[in-house]
Amino acid sequence: MSTVPKRFEILLVPEHVEDRGGATVEDSAVRTAVVEATGRHGESGYPIYEGHGIRADIDPETGVVEALLVDGHELDYGLTALARPATAH
């Protein structure tokens, strides 16, 4: 049985960036945040992760962001949210 990650790093990346010219996803992100599991589930049915103004319902098995609020608002058009397990500091 797999374990559910306690923390994810969310990266908000412009969708139009097709060729980053060698830049990493991190370099292309307009905002990043580490979010932590709240113990609750969102309307999507997936666990809610929150932190640094971001609230995300994330499928812990695939890392897909199923729902997202940034500073209480839906994500702006043209941005994509990527999630990956955050490393412990």
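The structure displayed is predicted, hence computed values, not measured ones.
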Between the main-chain N or O of Ile48 and the side-chain N or O of Thr38, is there a donor-acceptor pair closer than 3.5 Å?
yes
Could you walk me through whether Ile54 and Leu68 pass the side chain to side chain contact (heavy atoms under 4.5 Å, CB included) check?
CA-CA 7 Å; Ile54 294 180; Leu68 181 79; 3.5 Å; yes
Filter on ring-ring contact (aromatic ring centres under 6.0 Å, His included), then keep only pairs touching residues 44-69, sequence neighbours left out; what's left?
Phe8-Tyr49
Arg84: side chain to side chain contact (heavy atoms under 4.5 Å, CB included) partners, not counting sequence neighbours:
Glu9, Leu11, Glu26
Correct closest heavy-atom pair for Ala56 and Ile10 would be CB-CD1, 4.3 Å
Pair Arg40 + Asp57, salt bridge at N-O below 4.0 Å:
no
Hey, any chance Leu69 and Leu79 share a hydrophobic cluster, counting ILVMFWY side chains that come within less than 4.5 Å of each other, even indirectly?
no
Run the side chain to side chain contact (heavy atoms under 4.5 Å, CB included) test on Arg7 and Val34 for me, step by step, so that the C-alpha distance in whole Å, both residues' side-chain angles and the decisive distance to 0.1 Å come before the verdict.
CA-CA 7 Å; Arg7 299 163 39 132; Val34 174; 3.5 Å; yes
Evaluate side chain to side chain contact (heavy atoms under 4.5 Å, CB included) for Val65 paired with Leu82, printing each intermediate quantity in order.
CA-CA 7 Å; Val65 178; Leu82 305 175; over 6 Å; no
Tell me, with the steps shown, if Val70 and Leu12 meet side chain to side chain contact (heavy atoms under 4.5 Å, CB included).
CA-CA 10 Å; Val70 178; Leu12 302 180; 4.0 Å; yes
Are Val30 and Pro14 close enough that some pair of their side-chain heavy atoms sits under 4.5 Å apart?
yes
Straight-line distance of Thr80 OG1 to Glu15 CD, nearest 0.5 Å:
3.5 Å
How far apart are the closest heavy atoms of Pro60 and Pro47, and which atoms are they?
CD-CD, 3.7 Å
